[in-house]
Amino acid sequence: MLQRLGADMKRRTVRAPGRVNLIGDHTDYTGGLALPAALPWATTVTWEEAQNRVTVESVFNGVDHKASIGLNESASNAPSWLIIAQFLARATGTGGHFTVTSDLPVGAGLSSSAAYTVAVALALGSTGDPWLIAKHCQEAEAAAGSNVGLLDQMASLTGQLGKAVLLDFTKELFEPVELPEGTELVIVDSTQRRSLASSAYSERRRDCEVIEQELGPLASASLDLVEELHDPLLRRRAHHVVSENLRVRAAVESARRGDPVGFGQAMNESHRSLAEDFDVSTSTLNDLSAALRSLPGVFGARMTGGGFGGCVVALTETGVGATINLGLPTLVVVPGDGAQVLETE
Ligand code: GLA
């Protein structure tokens, strides 16, 4: 059962970061592995108690947004961020006034939506096992029509300063992983916004369900078993998922050996697999990751997250990020801490 902080609190401020996934995409919803890192950029939510009403007020890109709804009112026409807050508030039985600020780019595939949802859940007092909190947040996003896995919420909840986090979605484990010494993470925003992302995401999930009806759980399937699938499209989809889980393990072993070359190879191969077998990349993301790979000091580069636009992540030698000039927003990332309660009253 989800635990809650003291019910006598009247106000709570929480900061929840976005994430970049280093390897392991489209593996979470079949119980596989992923290796994200929390970003130093976050969404901050202040909750103040308000009986029987949920109000969300935010400023994004200089534009004010405010909407309000009764705690038990039908939310079918409400914006997704209000539906999420209402869903989470209902579980506590009390309304709230939520004030939201963020320095996380929205729509860039860096999990602004999960950061918001996690911040609202913690601002309402959720505490304890991060897997339970993440599942509660997943239900809230589903109520708002977004059928996501657990990668983004877990990354936001369990991030650790300077480290990546290995997530195992079957065993429900998380474990910090140091990146090889002398390396840094660089994110380049393709500025291609993620159109088609949600419909294609649901299609991929359905493909995986069909595969699992035939093969059993993909998380424990071997590459040999994948060959038994007759449908060539489903075989490619399954090949991505099973090989991606192996690549997450290989990347973690490379990191533990202090081998950035091995880590980078796993990232490059992951991109190829997402592009050719899982069909979630775009020519923009392919060109951008190839451009990064061709630069000196870059060990590997890949699309990150759901795909169909958004960002590319690279592992480079320290100092290389500042020299990259592809005419696109480029960020050198030191992984940040996971979500935190900043103050309570
Ligand atoms: C989106 C979803 C995650 C995960 C990734 C792909 O970010 O929200 O749950 O499935 O796509 O790895």
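From a predicted model like this one, the values you see are computed outputs, not experimental measurements. All ligand and atom numbering here is 1-based and tracks the order in the structure.
At the top of the distance list for atom 12 (O) of ligand 1, counting protein heavy atoms only, stands Asp25 OD1, 2.5 Å.
Rounding to the nearest 0.5 Å places CG of Leu315 at 12.0 Å from CZ of Arg302.
Note: an N/O pair closer than 3.5 Å links Asp152 and ligand 1 by distance alone. Considering backbone and side-chain atoms together, Arg19 places an N or O closer than 3.5 Å to an N or O of ligand 1. In terms of N/O distances under 3.5 Å, ligand 1 is not approached by Gly24. Residue Asn21 places no N or O, backbone or side chain, under 3.5 Å from any N or O of ligand 1.
Side-chain contact check for Val242 versus Leu218: some heavy-atom pair is nearer than 4.5 Å.
Partners of Asp207 under the salt bridge (Lys or Arg N to Asp or Glu O under 4.0 Å) rule, at least two apart in sequence or in another chain, are Arg237.
Close contacts between ligand 1 and Gly149 involve ligand atoms 9 (O) [criterion: under 4.0 Å to a heavy atom]. For ligand 1, the atoms lying closer than 4.0 Å to a non-hydrogen atom of Tyr201 are 1 (C), 2 (C), 3 (C), 4 (C), 9 (O), 10 (O), 11 (O). Near Tyr29, meaning under 4.0 Å from one of its heavy atoms, ligand 1 places the atoms 10 (O).
With Lys10 as the partner, the salt bridge (Lys or Arg N to Asp or Glu O under 4.0 Å) test is satisfied by one option alone out of Glu343, Glu49, Glu48: Glu49.
When the options Val148, Ile23, Asp28 are ranked by their closest heavy atom to atom 3 (C) of ligand 1, first place goes to Asp28.
Atom CZ of Arg249 sits in a sparse spot, with 12 or fewer heavy atoms from other residues, nucleotides or ligands closer than 6.0 Å.
A salt bridge is absent between Arg256 and Glu181; no separation between the charged side-chain nitrogens and carboxylate oxygens falls under 4.0 Å.
Using cut-offs of 30° and 60° on the angle between ring planes, the pair His26 and Tyr201 is tilted.
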